[in-house]
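Report on one structure; see the data block that follows.
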Amino acid sequence: MSVISLQGIKKIYHLGDNTVHALRGVSLDIEEGEFVAITGPSGSGKSTMMHILGCLDSPTEGSYLLNGKNVSNLPRQELADIRNRMIGFVFQGFNLLPRTTAVENVELPLLYTRPVMSNAERNKRAVEALTAMGLADRLDHHPSQLSGGQQQRVAIARALVNKPALILADEPTGNLDSKTSIEVMRLLQELREKQGITIVLITHEPEIAAYGTRIISVRDGVIISDEKNTPRNPEEDLAAVAPIAAASGY
Amino acid sequence: MGFAAHLIALAWQALMRNKAQTLMAMLGVTVGVGALVTSMALGRGAQEAIKDQLLAAGANMIIVNSGNYQTERAGAGGSPADHGYIPSPKPQRTPYLVKGPIPGFPNVRLLNAHFEDDPMAEHDHPLASERLGDNMAGLGAAATLTLDDAEAIRNEIPGIDFVASGVHENARISLKADPMKQWFTRLHGTESDLPVIRSGWIFPYGRFLSASQVRDAEQTMVIGRVVAARLFGEGINPVGETIVLWNQDFRVIGVVDSTSWAAQPSAGDDQFDAIYIPVTTVHSLLNLSKLNTITITTESAGETTRISKQIEDILRRRHGITEQMPDDFTVKTQAQQLLGKGLSPDVARIVAGNLESIDALTIEQLSASLQRANRTMLALLAGVATVSLLVGGIGVMNLLLLSVTQRTREVGLRMAMGARGSDIASQFVLEAIVLSVVGGLIGAACGVLVAESLEQVFQWSTDVSVISMVFAIIVAAVLGIVSSVYPAHRASQLNPIGALNHE
Ligand SMILES: Nc1ncnc2c1ncn2[C@@H]1O[C@H](COP(=O)(O)OP(=O)(O)O)[C@@H](O)[C@H]1O
Ligand SMILES: [Mg+2]
């Protein structure tokens with residue numbers, strides 16, 4: 001059974017008299033443990049797809065099965081519960097709460113689990129997730145006291161903390177320098193390899209898409225190519241970046 | 001710490017991220033609740049003061065007298081010393097009136113007295129064989145009240161607090177240590193719980209008769225402040241001194257004084273120009289069995305009229321009085337007496353200002369007119385409190401609307417993480433409640449301080465009750481809830497995508 005199964009997904013926006021066809025019939029299946037990079041130029045419909053995949057929005061037409069359950073036309077409240085249990089989000093802008101510690105940021109999804117999770121359990125899981133991201137010594141730091149890479153790792157810890165079926169990352173490297181971007185990609189690869197987590201990554205950068213096991217290209221709301229990919233090795237890229245970083249004083 | 005406590009802690013954190021705004025909004029609530037607490041304290045204080053004064057003045061007291069001297073005495077000039085005294089049945093007696101200082105005795109001052117009213121004047125040696133019976137003591141045909149009457153009143157009428165029986169005489173007393181110091185005053189044979197009935201009493205020296213002193217018919221005496229001042233001098237503690245009454249020694253055990261502006265002690269009054277000894281002592285020394293009075297206090301001052309009527313019905317029935325016959329007793333409320341004398345200028349002013357005819361005045365009306373004045377002040381304060389609370393509520397609402405706008409991205413993020421609309425709404429409501437309750441607690445504390453200072457500085461009477469504090473906190477919480485409904489609803493309806501992309 002596929003983690004994700006889209007059939008003829010269409011999304012139409014109405015802007016006054018204009019209708020915008022953001023997605024014009026997208027069908028695809030994503031299996032467990034895949035690292036799928038969705039790429040395409042600006043305005044091609046990547047974000048719209050990500051919103052539908054993330055149960056933040058419903059398609060105008062078509063069906064979406066998430067872990068076999070049809071979620072294409074659920075009420076807001078049920079979509080919220082599905083997001084909480086099944087999906088971890090990583091955003092371009094990190095979206096951490098300011099003046100809030102790393103642990104508290106990571107605890108955020110656990111505040112909305114049903115039934116309610118005990119304070120101790122919530123804290124324990126958040127600390128575990130941060131430790132797994134190599135941030136055991138940054139638990140009580142506020143986002144402003146963390147580097148961009150560290151902030152994105154807090155965000156990844158937050159995405160993972162409720163053990164979702166799927167991680168959706170929308171331009172996760174958009175705000176990071178190239179070395180940190182490569183480190184984040186290495187981290188996502190490790191999650192897939194060691195924990196078998198399914199990842200859908202959205203990026204307009206082909207170099208970043210190249211870290212995935214499968215690359216889907218979108219244009220004008222339709223898939224124009226969908227190919228298996230041999231992931232790039234981040235270690236090699238880091239080795240190549242290091243001298244430049246060293247030369248530029250990092 | 002439970003989940004709810006955790007959410008409250010989070011709400012507090014969220015509020016503290018915007019200290020300045022939060023404090024501004026909180027200030028509004030603080031002022032509102034402070035005003036509310038202060039006005040409640042003043043309102044209750046005024047209420048209590050009015051009630052205390054009315055009770056202290058005996059507003060809830062009914063006095064039943066033996067006989068109906070108003071009809072018997074028609075046309076006779078009232079003399080202050082007779083206070084419900086039953087006139088002697090022997091009309092041939094000519095009163096020997098003395099007013100002012102007695103020549104040769106500068107310390108003895110008789111205000112206005114009938115020597116014949118002193119049952120001992122013609123019997124200086126009350127040996128057992130010579131003791132006066134009811135008739136000789138002036139309690140003859142007119143002494144109609146019995147202990148059984150008192151018992152019937154106690155048992156048959158609802159709404160009664162205390163019933164006390166009493167025998168009242170005029171008496172000449174002198175100091176054992178200095179027999180030239182004499183005073184002619186009112187004697188009350190009574191029981192130990194009289195001070196409960198006369199709620200406006202205090203004892204600057206000593207205490208009242210005890211139950212055992214009454215039971216054992218001891219020769220102990222409590223003297224009114226006026227008597228104490230006349231015999232011993234103002235401000236002198238007479239407890240332990242010996243006073244001679246009917247050639248018998250009585251030990252002084254206390255001095256009684258008034259707390260009420262409506263009943264200030266004066267010479268010739270019935271309560272403080274008076275002495276109190278056990279009713280049993282009177283009965284045994286004078287060989288009496290009947291009562292002059294039955295004193296009743298009602299639970300509420302507003303019921304004296306109804307209860308007076310019921311007492312009349314019961315006594316007429318018990319005394320077998322037919323329709324055409326007049327009562328052989330009189331039922332009076334203390335309020336009626338109060339209006340004739342000793343009414344304080346404050347009360348008199350209010351009364352004159354609010355009532356058409358003083359004759360028609362009942363204690364209910366007196367009380368009502370005082371309360372009317374009080375209500376005017378309360379309405380003003382309540383107005384101030386309401387406006388302050390309204391302003392406080394608008395402040396909270398403003399803060400939250402601003403906060404929802406500022407934190408739109410946070411709302412979107414929380415929704416993406418699985419928060420339902422209701423989770424978002426309750427978060428904002430909870431923040432508003434925390435803000436308002438903290439503001440309210442500070443306001444309540446300030447309100448108490450203000451009320452206390454008003455009491456200290458202006459001698460206004462205030463009364464801060466636990467209930468009013470709880471009420472204030474509930475008002476604050478409700479204020480928080482009401483003012484957060486709209487902002488919270490708006491936040492809960494945000495579209496997660498739009499909210500996440502909000503700048
Ligand atoms: N909420 C919306 N209302 C109207 N049009 C929208 C909305 N969101 C996206 N679109 C339109 O849909 C198309 C696809 O947008 P999007 O999915 O954001 O593309 P991408 O993320 O690939 O840049 C664009 O033409 C965009 O203008
Ligand atoms: Mg986009």
Side-chain angles (χ1 to χ4, degrees), chain A residues 11 13 22 47-48 50-52 54-58 75-101 104-123 142 155 158-159 161-162 164 168 170-171, chain B residues 1-23 402-431 434 488-503:
Chain A
K11 183 70 186 180
Y13 291 111
S47 293
T48 304
M50 145 110 178
H51 295 149
I52 289 170
C55 295
L56 289 165
D57 206 352
S58 298
R76 271 169 72 100
Q77 181 168 308
E78 283 184 50
L79 287 177
D81 292 351
I82 288 170
R83 289 197 296 273
N84 184 252
R85 275 186 286 117
M86 317 261 273
I87 301 163
F89 289 93
V90 179
F91 305 97
Q92 175 174 1
F94 319 135
N95 272 337
L96 299 177
L97 294 182
R99 280 167 284 180
T100 305
T101 65
E104 285 167 341
N105 265 293
V106 175
E107 281 185 4
L108 201 59
L110 304 181
L111 288 176
Y112 304 111
T113 55
R114 281 156 223 275
V116 162
M117 188 179 287
S118 79
N119 296 336
E121 174 71 8
R122 205 165 47 239
N123 185 265
H142 288 180
R158 183 180 62 191
V161 74
N162 209 15
L168 281 179
D170 189 2
E171 307 273 7
Chain B
M1 196 172 71
F3 188 59
H6 184 73
L7 290 184
I8 291 171
L10 288 180
W12 180 249
Q13 274 181 23
L15 290 169
M16 283 301 105
R17 271 181 217 124
N18 250 324
K19 282 203 189 66
Q21 281 174 20
T22 299
L23 287 178
L402 189 66
S403 176
V404 169
T405 309
Q406 286 172 339
R407 289 157 70 192
T408 298
R409 265 177 92 88
E410 175 191 327
V411 171
L413 175 72
R414 287 175 185 272
M415 285 178 161
M417 304 282 120
R420 296 178 182 180
S422 58
D423 292 321
I424 299 298
S426 44
Q427 182 192 345
F428 281 98
V429 172
L430 189 65
E431 284 181 21
V434 169
H489 177 76
R490 252 179 59 165
S492 74
Q493 294 304 306
L494 285 173
N495 168 14
I497 301 163
L500 266 172
N501 294 330
H502 190 266
E503 288 315 313

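In what follows, every heavy atom counts, from backbone to side chain, and hydrogens, waters and symmetry copies are set aside. Note that this is a predicted model, so its numbers are computed, not measured.
- Crowding of His489(B) atom NE2: a count of heavy atoms from other residues, nucleotides or ligands under 6.0 Å not exceeding 12.
- Looking only at heavy-atom pairs under 4.5 Å with chain A, the residue among Met417(B), Met415(B), Met16(B) that has the most is Met417(B).
- For the pair Arg122(A)/Phe3(B), a side-chain contact is recorded, criterion being any heavy-atom separation below 4.5 Å from C-beta on.
- When all heavy atoms of Asn95(A) and Arg409(B) are compared, the pair lying nearest together is OD1-NH2, 2.7 Å.
- The stretch residues 83-101 of chain A participates, sequence neighbours left out, in no salt bridge (Lys or Arg N to Asp or Glu O under 4.0 Å) pair at all.
- Ala416(B) and Phe91(A) get closest at one heavy-atom pair: CB-CZ, 4.1 Å.
- Between the CD atom of Glu104(A) and the NE2 atom of His6(B) there is a distance of 7.0 Å, given to the nearest 0.5 Å.
- Chain A is approached within less than 4.5 Å, heavy atom to heavy atom, by Arg420(B), Asp423(B), Gln427(B) from residues 420-429 of chain B, ordered by number.
- Per-residue counts of heavy-atom pairs under 4.5 Å with chain B were compared for Ile82(A), Asn162(A), Ile87(A), Thr100(A); the largest is that of Thr100(A).
- If you measure heavy-atom distances from Leu111(A) to chain B, the contacts under 4.5 Å come from both the backbone and the side chain.
- Nearest heavy-atom pair across Leu56(A) and Ile497(B) is O-CD1, 3.7 Å.
- Residue Gln92(A) does not touch chain B at all, counting heavy-atom pairs closer than 4.5 Å.
- A pairwise comparison of heavy atoms in Ala80(A) and Ala419(B) identifies CB-O, 3.8 Å as the closest pair.
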*Take Leu413(B) and Leu96(A) through the test side chain to side chain contact (heavy atoms under 4.5 Å, CB included) and record every step on the way to the result.*
CA-CA 9 Å; Leu413(B) 175 72; Leu96(A) 299 177; over 6 Å; no

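- Residues satisfying the side-chain hydrogen bond (donor to acceptor under 3.5 Å, both in side chains) criterion with Asp170(A), sequence neighbours excluded, are absent altogether.
- The minimum heavy-atom distance between Ser492(B) and Arg76(A), with the atom names listed, is O-NH2, 2.9 Å.
- Applying the salt bridge (Lys or Arg N to Asp or Glu O under 4.0 Å) criterion to Arg414(B), with sequence neighbours excluded, gives Glu410(B).
- With a threshold of 4.5 angstrom between heavy atoms, Pro98(A) approaches chain B through N, CA, C or O but not through any side-chain atom.
- Contact annotation for Glu78(A): neither backbone nor side-chain heavy atoms come within less than 4.5 Å of a heavy atom of chain B.
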